[in-house]
Structures are given as C-alpha cells and as structure tokens.
Amino acid sequence: MATLLDVQGLNAWYGESHILHGVDMRVGEGETVTILGRNGVGKTTTLRTITGIVRSRKGKLTFAGKDMMQVPLHKTAHRGIGFVPEERGIFSTLTVSENLMLPPVVASGGMTVEEIFELFPNLYERRNSAGTKLSGGEQQMLAIARILRTGVRMLLLDEPTEGLAPVIVQRIGEVLRQLKERGMTILLVEQNFRFASRIADRFYLMDHGQMVSEFPVGELPQRMDTLHKVLGV
Amino acid sequence: MTMIFGIPLQAFMGQLLIGLINGSFYALLSLGLAIIFGLLRVINFAHGAQYMLGAFAAYLLLAYAGIGYWPSLILAPVIVGFAGAVIERLFLRRLYDLDPLYGLLFTFGLALTVEGTFRYLYGSSGQPYAQPAALAGAVNLGFMFLPIYRGWVVVVSLVVCLGTWLLIEKTKLGAYLRAATENATLVQAFGVNVPVLLTLTYALGAGLAAFAGVLAAPIYQVSPLMGSSMIIVVFAVVVVGGMGSIMGAIITGYVLGIAEGLTKVFYPEASNIVIFVIMAIVLLIRPAGLFGRDA
Amino acid sequence: MTEITETIRPEKSRTALSVQAAFLIIGLLLLLLAPFFFYPIFLMKLLCFALFACAFNLLLGYTGLLSFGHATFFGGAAYFTAHAVKEWGFSPELGILVGVAGAAILGLVMGFFAIRRQGIYFAMITLALSQMFFFFCLQAAFTHGEDGIQSVPRGQLFGVLDLNSSTNMYYFVLAVFVVGVLIIWRFINSPFGMILKSIRENEQRAISLGYSVAHYKLGAFVMSAALAGLAGAVKSLVFQFATLTDVAWQMSGEVILMTLLGGIGTLIGPLFGAGLVVTLENYLATSEFPVTIITGIVFMVCVLIFRRGIIGEFYASRLGRKLGFVYRR
Amino acid sequence: MAVSATQSNAMPRVVLSARGLRRDFGGFTAVKNVDLDVHDASVHALIGPNGAGKTTVFNLLTKFLQPTSGTITLMGTDITRTAPDKVARMGLVRSFQISAVFPHLSVLDNVRVALQRPNKLSKQFWRPLSALDALNDRAEQLLAKVGLFKERNAIAADLSYGRKRVLEIATTLALDPRVLLLDEPMAGMGHEDVGVVSALIREVARDRAVLMVEHNLSVVANICQHVTVLQRGEILAEGDYATVSADERVRQAYMGSEEG
Amino acid sequence: DGASDGKVKIGILNDQSGVYADFGGKSSVEAAKMAVEDFGGKVLGVPVEIVDADHQNKPDIASNIARQWYDTEQVDAIMELTTSSVALAVQAIAKEKKKINIVTGAATTDLTGKACSPYGFHWAYDTHALAVGTGGALVKQGGDSWFFLTADYAFGYSLEQQTSDFVKSAGGKVVGSVRHPLSNQDFSSFLLQAQSSGAKVIGLANAGLDTSNAIKQAAEFGITQGGQHLAALLFTLAEVHGLGLEAAQGLTLTEGYYWNLDDKSREFGKKFFARTGKMPNMIHAGTYSAVLQYLKAIDKAGTDDTEAVAKQLHELPVDDVFARGGTVGPNGRMIHDMYLLQVKKPADSKEPWDYFNVLATIPGKEAYIDPAKSGCALVN
Ligand SMILES: Nc1ncnc2c1ncn2[C@@H]1O[C@H](COP(=O)(O)OP(=O)(O)OP(=O)(O)O)[C@@H](O)[C@H]1O
Ligand SMILES: Nc1ncnc2c1ncn2[C@@H]1O[C@H](COP(=O)(O)OP(=O)(O)OP(=O)(O)O)[C@@H](O)[C@H]1O
Ligand SMILES: [Mg+2]
Ligand SMILES: [Mg+2]
C-alpha cells in the first residue's frame, strides 16, 4: 500500500509547553488508522499539528509524497486533508445548510448534498436553523458531513463518537466503512475502543507525546492485556 | 392647514425628509462599523477618522490635483480603503487573538493620531468644498425647498447600503466571513485564505466610511473634527441596531436619523441625547439590540 | 485578556515576600519625600489620576469589564464636591463625602444598565451613558457650563488642618491615595474578589453554582465608581475648580491609557501609568510636538508591543520573576 | 446487566418534579408533555437520541431556559418562575455538556469558589483571601475523592478535556446539592476516569438525587435505578434499565442493534 | 529698581492643538514675538522672552503650567488664555500669586465682573461687545426682526440673552429661537425653522465649527438668497477663511480688528502674514497689543513689580495697531472700538484675505460694560 501520510520525528509546542516529542507514524492510501491513548497524551495535538493548525512544530511531514511543513494552513485542505475537530466547530451565525456548504470543494469525488442528507436525515430536518442550535449529536453529524462534500483524500477525525447516541454511533460507523470502501483514507482518534476496533485496520498507541506501539487489527486479541493496563479498557 | 402635533403638516414632512437625509449618513457609517465589528470583532474607533479622511481626500484631490467630486467619489474610498488594508495587515491582525478591547484601544489611538495630524496640518476650522455643479440648486417639493444634493445623498446611500448588505448576507463570501469571525483557524483549515478576506473586509469598512465622508464634504465643513463628533452617535446606532447585525445597522441608522430629526423640532434641547435615551430603553427591553442575535 | 494575579500564595518564598515589602516601603518613602523634589501640584495631580486609574483597573483588571465612561464618576464627583464646598459651605471632608456618594449613585445607575452586557457592548453602553451625563453637565446650571465651578475653597480638614498650604494638601492627598489603594487591594484579594474573578472566567458556571452574577458585578462597578469619585473629589479641591474636561469622554480614554501603560490587572501599575501620562502631557504642552498625535502613538505602541504595561512587563521579566512577582496569563 | 438497586425504603420521596413541561424555539418544539419525577437517594438517567431534548430539559429544570408551559417543583416549592442562581442556592445544581470550569483559576480555587458560596464568605469584600483557607481541607478531600489531588495547584486551563470534566464534577459536589443534574458527565473521559466517576456518582446518590444524561449505556445500566427515554422532545419509555432496554421502540430509536 | 531677575518673561498659554487652535494658537505666539521685536527686544535694559504652552483645553494642565511658570520659572505675565474655564482658573491663580495676566482669547464678561482681579486684564473682546456690535448695530441697518440659533450651553445662552437685549433696546424684535446641541453637524432642521419664522436676521449664537456648518448649510438651503440675513455672534477672519467666500458671503459679524482697515493695520497684517501664512484676526492683533502695552507699562513704571506695572496698565492709554485710543477700566477691561463687518461677495474681493466690508464702528464706550456696573468688587 502506498504511503499517503508520513510523519517522522514530529515535535509540537503550545507556547512553551512541549507536547509532541517525536511522533512517528504513517498512514497508507485507503487505510483506516486509529490513535488510542489516555486523556491528555497529545492525540488531538497530533491531528492539529498534521493539519497545520499548531504551527510551532518541527520534524518531517509529507502527504502524498509532498512536504507539508511549509504549506500555509489554508492550503492544507487543497492538498487533500480534511479535519473534523474535537469541539466540532459548528458556526452559530450560519444555518445548517450554510455550515454544510461552507468548506470549499477541493477535488471532485465528494458526496453530493442529497447523499449527505440521506445519510443524516436529522440534518435535513433542521437545515434552516442556526448551526449551534443543533443538539450535540446533530452538531457532530454536521461536522463530519461538512467535510464529506469537499472531496478530500484523507479525513482526520477527532473523537467523532463523543456524546453520540448508540444508534448514531452505529450509523457513523457504517458511514466510515462506506467511505473506506470508496477508498477514503481515515485517521481517527478515539476513546470508544469498541467503535474503533470495528473500523480500523491498524492502531497506534500513544503516550506522553509519542507513539509507543503499533499493531494491526488482527493482533488486537493478544494486545488486550497491555491495552487494559494503559487505557483501562 | 393640516397640523400634526401642533406643527403644520408641510413643515412636518420637511423635517421628516431631513431626518432621512441625516439617517443616510448614520446608516452608511454604522454599516461600515457593523461590518468591521461583525466580521473582525474589532470596534473600529477609527471609523470617524476614516470618514474624515474620505472628506479630506476629496478636498486634497481637488486642491492639489484638480480632481473633482465625481472621480473622488470612487477614488477617495479606494485610497482610504487601501490605507485601511495596510493598517490591518501591519497592526490590527496581531490583535485578533486577544480580547477585543485591544482592537478598540488600538483604533482609538489610531483615531487620535490621524485626527491630530490633520489638525496640525490643516487647522481646526475646516476647509471649503463646493457642491458638484450637476447637483447644485434645489427643487421645490411644495412642502419644502429640497437641495438636489441632499436628495442625491439619500438615493446613493440607499443603493450602497443595500448593495453591501447583499454582498455580505447573500453570497458565499458572507458565509466565509461570518464563519471566520467565530473560528478563523478552522475556516482556514477548510481551505479559505482568511487573512486576505479579513484585510479586504477592513478595507471595505474603511472605504464605506470614506464614501460617507466624500458625500458629506459639500454639506459639512471638511474639518479634522468632523469624525469625532459623529462617531459616538454612530456607535450608539450600532448598539441599538444590534452589534454585528448589518441590516440592523442600516435600518436603525435611518430610523434614528428620523427620530433625531423630529426631536430637533419638538424638543431640540434633547436632540443630542435622544439617541442615547433610545439606546437605554432598547437595551432594557432587548439587551441584544433591535436586530441583534442573542449573545 | 492578559491578567496578572498578585495573590500571594503560600508556596511563595520568604525572600520574595520581603523583597516586595522592601519595594513597598521604598515606594512609600519616595512618595513621602517627593514634595521636596517635585512640584507639589504636579504630584497631587498625579496621585489623583493614579487613584482614578487604580479604581478603573479594579473593574477592568479584575472583572474584565472595560468601562468607557469612567469620566462620569471622576468628573461628576468633582462637580458635586466643588458645589458642596463652594455653594453650601461644606467642610472639605464632607464635600468629598458628597462627591463619593454622588459618584456611587451614578455608578449604581450606570451599572444597572451596563452590567447586563459584557465586553465591547459594555464598553459602548458606558460610553453612551457617560455622553448623556456630559450633556447634562454641559447644560445644567450648577456646573456653569464651559466656565466650570471656579475658585473652590480648600478649607480646613476636620476644622484643624489648613489645606491651603500645599504641603498639608499634598499629605492629605497622599493619605487618600494610600487608603484608596488599600481598599482596592483588600477588595480584590477577598472572598468577594474571588467570585468576581470566577465570574469573569465563566459566567454561566458561576450562575449554576448559585451566584447572582448581576449583584457581584454591580458591587464591583459601584465600588470602582465610588473610588474614581474619591479621586475626582480630591482633584477638585487640589485645583480648586471642576470643569467639563473631567466628564468628557476623552478623560475616559485617558484613564484607559494610564491603566494600559501601567499594566492592566496590576495593583500599582496605574500609578506609573498615570505618572507617565501626566508627565507627558505637561512636557508636550511646552514642546513642539502636537499632543494628540503623540498620545495616539503611545496608545498604539502600547497595544501592539507593550501590552502588559510597565509593571506587567517588569513582573513578567526575569528579574521580576526572580523577585517573586507572579505574572499569569 | 443487572441493576444494583440500593433502595432502602420502598418509596423514596420525590424531590424534583416537572409536569407538562414544554419549550418552543420559534416554530420548533424541543420539549413537550414531559412529566418527570426525580427521587431522593437515587440515580435517574435521561437518555435518548441526539437532539431529543435532554439538554433542553436540563436547561428548563435549572431555569437557564424559561419553559413555554408546564410547572417545576423543587422539594415542594414551585420554581417555575425562579432565577437560575436562586434555584442553585435552593440546592439544584447542574453541570454542563460542554465542560465548564474557571480556566485561569487553579484546580483548588475552582473548588473553593463553590465551597465559598454556602458560607456567606462570598460577599465579604473586607476579609482577606486567607479567610478561604478554612475551606482547603474540604476542597482537598473532594479533589482526592475524584483523583485530582495531585493536580490541585495546576491551572484548570492546562488540564486535558477529560480531567476538566472530573474537576467540574468535584466543583458541583462541593456545593453539596440536594439534587444534582449531570449532563453527559462521562463524555470525553478516559476509561480510568469513567470508573472513578461512576463509583463517585453512586456514592453521592446515597443521600441525594441525581439526574444524569448519559450515552454510555454500561454506565446507565450499572448505576441508574431509573431511566427515562426521550425522543423528539417527548417521553418514549420509562422504568428501570432492563425494562427500557427491552422496549423495541427504544432499541430502534436509540440503542440500535447492539447493547451497552 | 529695574527688572527683578534680569529678564522679563511672558507666557502665552493657549490651545495650540485643539478646537480653538485656529482662533489663536501658535499664531498668537508669533504675534507676541512681533510685539517684543517691535518694542526693541529689551525693556529696562533686560531681554524680554516669550515662552508658550499648549493647554489642550484642559484647565488642570493650564493651572499646572501657570503655577509652575509663576513659581519656578520667573514668568512675569501670562497672556492669551483661550477658553473661559482656563482663563478663569489662571486668573484666580494669578490673583492669588499677585501676578499679571492678560486675557485675549476668552469671551466671558465674568473676567472683569465677578471674577475680576487687580492684576487681571481682558483685552480683545467679550460677549458683551459682540452682542452690542452685531445685535445693536445691525438693527440700525434695518435688521429689526431676529431668530436665534443658539448653542445649548451657557456660552450660547449668554450670547443670545445679551444680543436680544440690544436688539430690543434698538427697537427690533425677537421672533423666536431654537437651541441646538453643541457640536451639531447638521443644522438643516434648525435652519428650516429659522426660515419659516420669516425673521430678517438669523443670529448664530454659537462658535467654531457649529457656526461654520450652519452658515454653509444656510447657503445650501437658499436662506440668504431668500432675503434673510445671517449674523454670527462669535466668528473671526480665520473661520471665514476656512469657510470660503462662496458660502460665507453676506454674513455679518463683529470683530475688534480688521487687517484691511487702513494703512497701519495693513502693514501689520502683511508682516504677520509673512510670518504665519495667514492674516491676523482680533485675537492675534489683541495679543500683539497686550504684549506691547505690558512692555510699555514696565518701561513707564521702571520696574517689573506687579503692583507698579498693574497700576501703569490701568492708567496708560492704549494706542497701537489694534486699539486706537483705548482705555483700561478699574475692573481690568480694555475699552476700545469694535467693528461691524460684512463678508464680501466673491466678486468684490480684490485680493486674498480681502473679506470684509466695514458696516459700522461701535465706540468702545458703547461696546463694553461700564466698569461701574460690571459687578467687579474692585470698582466702587
Ligand atoms: N491550547 C493549549 N495550550 C497549552 N496546553 C495545551 C493546550 N491544549 C492542550 N494542551 C495540553 O497538551 C496536552 C495534550 O493535549 P491533547 O488535547 O492533545 O490531548 P488528547 O490526547 O487529545 O486528550 P483528550 O483525550 O482529553 O482529548 C495536554 O496535557 C493538555 O493539557
Ligand atoms: N436555543 C435553541 N434554539 C432553537 N433550537 C434549539 C435550541 N436549543 C436546542 N434546540 C433544538 O432542540 C433540540 C433538542 O436539543 P438538546 O440540546 O436538548 O438535545 P439533546 O437531547 O441534549 O441532544 P445531545 O444528546 O445531542 O446533546 C435540538 O433539535 C436542537 O436543535
Ligand atoms: Mg483530544
Ligand atoms: Mg445535550
């Protein structure tokens, strides 16, 4: 499998606090990879650094063979990276449809609005109300839906199931599987281990700003003990 | 003769019209202010200075380059807008991440400096600027003698206000801007070049102020002080309209212009505070302003 | 917004505390000796503005409310005191009391309207309300319009101390200043101040914990107004007049500049800010530089590169930290 | 999963109840016809699909939102028209779905702010800050209970998201409320904290009422004696977890095919 | 016994950067320097020095500077003092410190009334003189029915009050008035009211930009073409220049000085113009006159001692380019002739700054309050 995202020795800082201490990871084209780890180990920071939101960073970062370290933030999306933040980032002054239509389409092959509404009927019902008047779960759906339109090659999802009803979690799981079938590459940060284990091909375990281990989904059973210790699963 | 509240209908109509004319200035100025506030979260204290700069640009273009009113109507806003863009690029940009009050304080300093400079160079008693020949004279409306130039002000300001509103509320550009207000980083991560958008927005706001300044030049003295006497009232208009609401700013501008005009007839002593009184009442009943969204 | 907490924490070292105590004592000594080296009226003016700025900072630095209308309390109290002393023949201490009470009432009224909103809305509302007060002062008969209330007698403090002597007057002003700062210090480092801080941090949460946020904000607003009034009242006795400049909105801008220059959220920063502004104004008056231009530039530079102000920068500097000062974002 | 009901009396008394609660937003009705009884000494779960109106019900009960119609009674007092801070002082305290801490205060101060309220200390602007030191023991005790003792001098903003949630619960508990409303207290928490907080909730519910919104069904199954399921603003089902989870409508609308 | 400290120092304290900067401003400082030069640069054998400061229209700054000048910088007299709050505050200080002050920039009659000082003088004009000039003299020219546009504060009221008194005593009538807020931009509402009143004269009881804007907009609404007359109660050459003749034509106003009056004044005007780029108004010329007279008084007294100089200032007649045959009353009021002026039509203006026709000369005795009736405690 061709490597799509390649991260080597990535360091990142918030002000003076050093959060990432040399993250190494790669994600292959069409692969779904999940980062696991306790609260505060730097999972979110890893995604934000890859996107370029965290700019005080060092190390090597290539996407589709091209260096990303010097790419300005507003160009990352055009290179094919779509980001769904942990706090969702729904805009309150925009309606649901406006939120949905906001991110510019960067490549062909994204979902159409009809497809999206089919996938998330709640959104269709509430399409004219203000973004943040949605419930927490509806906002999460909107945040994912928004990116699906743009045709990016790779999705970075930060805890997409947080605060969602089990039905919705299942639905999102299905959606992610569908996307995967279409060849979408996904990098997922997840606390919901059960959810992650159903869709991921590979796992990274993160601790103290580094990837401490890496294993494919098949090794999951023999790893359960370690995971139990580290994550309390 | 028909009477309304003890004054002749004709005089009443005249005053109504005059209120509308003043409202045009309020609307144009508060529109620019609302755009800058709504989209950049900057309380642009320099708005009055930019209005004054517009008028001065027209005066200077005429005095030193012989460029008349009509070209100035375009040129002056462009010049001031450009200056605004430079200010935004060099300075304001660094303040977005901070509490909005720093933006307010910076533009306050900017206003002091700009006005001080013009006072130093051109004195405080103002410069003459004549009406364009094409709009000189007046028409008799029956109930009043309306200078043609004033009529022009009403028409052109309505057109500009509506055009700007359409641009911001009804285009994708507007959605980008509003979203960027809330979370610029995210919008940028979506692939929108937010910094350039913000620069253009500030330039647009400043340009609108300058446009109002050019419109004002033939009516009011072109004086370094013309902005500072206007700015606080315009702030109140924006607060009443609901900060950040663009349509709110426009409508409130016209309405308060008329309210002020009528106060000048019925109780002139109160005409300078009527807007503040209205503001206090509105805030008691609707804290977010007439058209403001709940904070 | 940058915030600097000066709360003394138990883990703070002994030496740090004694360094700070030393600073305090040296500072007080300097103030006590100052009239022998500087022009007393100038010093008194400085202290009045410093107290004004400290009072303003109580609101901005510790509750995060930027008032653009504090001139109302400063100038209003000046008018009330001047009127009480000159027209009603009140003694200076009673006159000051009238001024402070008047400012507190104005604060209550303005606060009632303003505290319903936050941030810039708050700033605009206070600005507008203070404009109303300005126009009131412009038109009211007792203020004598643009002439102002002139030749206000300083009188005898408590019937014994003759304030016409500028030495007496200076030490009186100094005492008022010190007491004022102590009140502010106590106020912000009190259980009440703690609640103010938490309200600024997260208002919804404070409500959900059962705090009636409006009362706390109003309390802080009135306190700040009363202390600003104290400064204005004393100033009217120092200069023996009360005029429109003190209630104009430019005065509200000036006090912000002083606070910003000295350091928002620092207890004594405003003293330095006021000192700098007053000196600058005096210096510029006789120089070739146009005052407003310079003031404007100072404002911009301050906001852009000197945001913590003199004292804030000092606290945050290596030396400041070594001496045990805490600067926190 | 079995419900470990620890009711000592057969019928604990109702401390918070709502009748005919309704809330409209413009033309949209977010909550309608909701009757709810929260009992003392029990944990009551409010579950339902996203957008069902759970947070809105919380906002109505705590008076952060005014109901369009209906009545709310807290320990026998009608609080339908009472201000939110007053309601909190009467003993009904909530947490927020999006974590709510005082970011620039230390962890200890966050708790002390809450402890200060019932003590009348909060109004005393003439007392030194050290007056609050009397609260330290209690505060540290609470922090120890939720496992935040080590971080007590950290600034709240520096905590990770999950730890902030834990802090928020400690702060809420500090008020020693009669009725506790927790909006998704476990969301975003690591597994290690989920255990601690579940145990904590179970413990505090021994002598007070807890109403919580939670999507983590294993938690609901473990600690909640009573479950109310909302859908589209209306009550879909009620009862203990076993009853509710057996309801086909609930499975379809909320739980989906899997369990817990 | 000569000058006390080897130097005579005169302080010019005024607004140099604010709203009144054109009124006096830096040009007043220049006028003072011209007076010193014309006097020969020295008095009693010691050099004369001019210092100046910008009080920014803040009485506390003015008061601070005044005290510092008098106390530590050996300034012997402070002059100009634009803005009444400043003038009153400084005069009080000068009185307390027994020092000379001469006001040329402020208008309030209180300076030589309630607040008079044995060492304080009021030189160029005051509200009374303006009212007599414009109010009284204009009625005699046929402007016998008036409507006032009055700035809504004490200064405006007193101008309106005093002027209408003269209008009435000259046989005219006041048909109405309207109060407009200070710093008003738009006067059209008020102008319409004035227009429909049918009064022959619209009196502008305001100052500065307010007056300028009102005049400019009156032209726009065709008020002067309609046969009504505008009379500005406090307006000088500097503001007419800012307005331009096109807008200002036909306006009447009162000043204590006009540069194009005769050869003597033309000569002074040209000299002044060479230094400042503008022609002097009554404040500039008044400041020149005040400095000159002060030096003459020192010369006559043979000392710069305050009492002696004040005595001379009260006694010496004033005869210079500003005042012809002026006298100083016991209340400190310098009494001199005033001129009722009318702004020329653009076509009639022969050279730059040739702005006025002189309609009438008002004798000093009429223009100023009789010291005995001024309310000054020094006069009995
Ligand atoms: N804006 C910030 N400034 C300073 N420190 C931060 C900031 N955001 C996060 N941190 C710190 O960085 C560390 C890593 O945070 P991060 O958000 O990446 O953790 P996480 O693994 O995503 O945790 P969680 O599961 O709770 O979301 C934490 O210790 C956190 O306290
Ligand atoms: N202020 C408001 N204005 C308009 N609609 C609102 C408002 N607040 C909530 N709603 C709507 O009411 C419905 C219920 O929202 P609520 O937040 O109560 O859901 P919830 O059950 O808490 O969902 P979640 O589990 O996702 O948090 C949603 O459809 C939401 O869009
Ligand atoms: Mg995270
Ligand atoms: Mg919710």
Side-chain angles (χ1 to χ4, degrees), chain C residues 1-12 17 58 61-64 179 182-224 226-227 265 267 326-329, chain D residues 58-59 62-64 83-96 98-106 108-136 153 155-157 167-168 171-172 174-175 177 181 183:
Chain C
M1 187 182 49
T2 319
E3 171 227 359
I4 297 150
T5 337
E6 284 172 298
T7 343
I8 293 170
R9 301 192 165 276
E11 64 265 36
K12 210 164 181 179
L17 279 178
L58 166 63
Y62 298 93
T63 65
V179 169
L182 281 178
I183 292 175
I184 293 172
W185 183 77
R186 168 48 68 237
F187 192 78
I188 54 189
N189 287 309
S190 73
F192 188 93
M194 191 71 170
I195 304 302
L196 284 182
K197 234 180 261 176
S198 59
I199 290 173
R200 182 187 53 182
E201 297 270 300
N202 190 338
E203 191 166 326
Q204 290 294 310
R205 184 58 176 156
I207 296 175
S208 81
L209 293 181
Y211 291 109
S212 45
V213 167
H215 291 157
Y216 286 88
K217 283 189 185 168
L218 195 57
F221 196 89
V222 171
M223 186 59 137
S224 170
L227 286 166
L267 191 58
V326 185
Y327 162 84
R328 209 171 261 147
R329 286 198 63 108
Chain D
F58 265 38
N59 282 333
T62 50
K63 308 308 314 341
F64 276 68
D85 52 302
K86 180 84 187 298
V87 170
R89 287 197 295 276
M90 291 168 70
L92 172 62
V93 181
R94 68 174 299 184
S95 71
F96 289 84
I98 312 289
S99 104
V101 295
F102 302 116
H104 294 99
L105 299 188
S106 73
L108 191 70
D109 280 344
N110 259 278
V111 179
R112 293 206 306 187
V113 165
L115 284 175
Q116 195 176 335
R117 210 255 298 136
N119 281 322
K120 294 210 169 110
L121 269 170
S122 50
K123 289 249 156 72
Q124 303 185 344
F125 60 84
W126 57 91
R127 297 271 306 267
L129 214 46
S130 54
L132 294 179
D133 287 348
L135 306 175
N136 283 1
N153 286 324
I155 297 302
L167 173 59
E168 194 186 342
T171 312
T172 309
L175 288 174
L181 268 52
D183 199 351

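All chains are named by letter (A, B, ...) in the order of the sequence lines, taking the proteins before the strands, and each is independently numbered beginning at 1.
- Contact count versus chain C (heavy atoms, under 4.5 Å) is highest, among P84(D), A88(D), A83(D), S95(D), for A88(D).
- Looking at every heavy atom in both residues, L196(C) comes nearest to F187(C) through CD1-CE2, 3.8 Å.
- Near-neighbour residues of residues 212-221 of chain C relative to chain D, defined by a heavy atom under 4.5 Å from a heavy atom of that chain, comprise S212(C), Y216(C).
- Annotation: side chain to side chain contact (heavy atoms under 4.5 Å, CB included) contacts of A114(D) (sequence neighbours excluded): L209(C), T171(D), A174(D), L175(D).
- Scanning all heavy atoms of the two residues, the minimum distance from M194(C) to D109(D) falls at CE-CG, 3.0 Å.
- Taking all atoms of both residues into account, the shortest heavy-atom contact from R94(D) to F58(D) is NH2-CB, 4.2 Å.
- Looking only at distances, a side-chain donor or acceptor of R205(C) sits under 3.5 Å from a matching main-chain atom of E168(D).
- Ranked by heavy-atom pairs under 4.5 Å with chain C, the list V113(D), T172(D), L105(D) is led by V113(D).
- Smallest separation of non-hydrogen atoms from L135(D) and L115(D): O-CD1, 3.6 Å.
- At least one donor-acceptor pair closer than 3.5 Å links the side chain of N110(D) to the backbone N or O of F102(D).
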